[in-house]
**Q** 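The structure is given below, and queries will be raised subsequently.
What you see is a predicted model; the values in this text were computed from it and never measured.
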Amino acid sequence: MDAYTIVWSDMMMLRRRFAKYLLTTLLSPLLYLWLLDGGLAGA
């Protein structure tokens, strides 16, 4: 039963901070693609 409690608390924390997690996980790949595209276009 302890595992369910931990999973539940993690889900509640994720629900509160979903926008922040989404932004941080999407920002890195998008920034990388943007910089890579700019580097290839300038070459």
**Q** Hey, what do you get for CZ (Arg16) to OH (Tyr21), rounding to the nearest 0.5 Å?
**A**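 Reported to 0.5 Å precision, the distance equals 9.5 Å.
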
**Q** Kindly give the cluster partners of Leu27, where membership spreads through any ILVMFWY side chain lying under 4.5 Å from a current member.
**A**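 Under the 4.5 Å side-chain rule, Leu27 groups with nothing.
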
**Q** Can you hop from Met12 to Tyr4 via hydrophobic side chains spaced under 4.5 Å?
**A**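 Different clusters.
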
**Q** Could you tell me whether a side-chain N or O of Ser28 sits under 3.5 Å from a main-chain N or O of Thr25, the two making a donor and an acceptor?
**A**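 No; judged by distance alone, with no hydrogens or angles, the pair does not exist.
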
**Q** In Å, rounded to the nearest 0.5 Å, how long is the span from CG of Leu30 to CG of Leu35?
**A**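 The CG atom of Leu30 sits 11.0 Å away from the CG atom of Leu35.
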
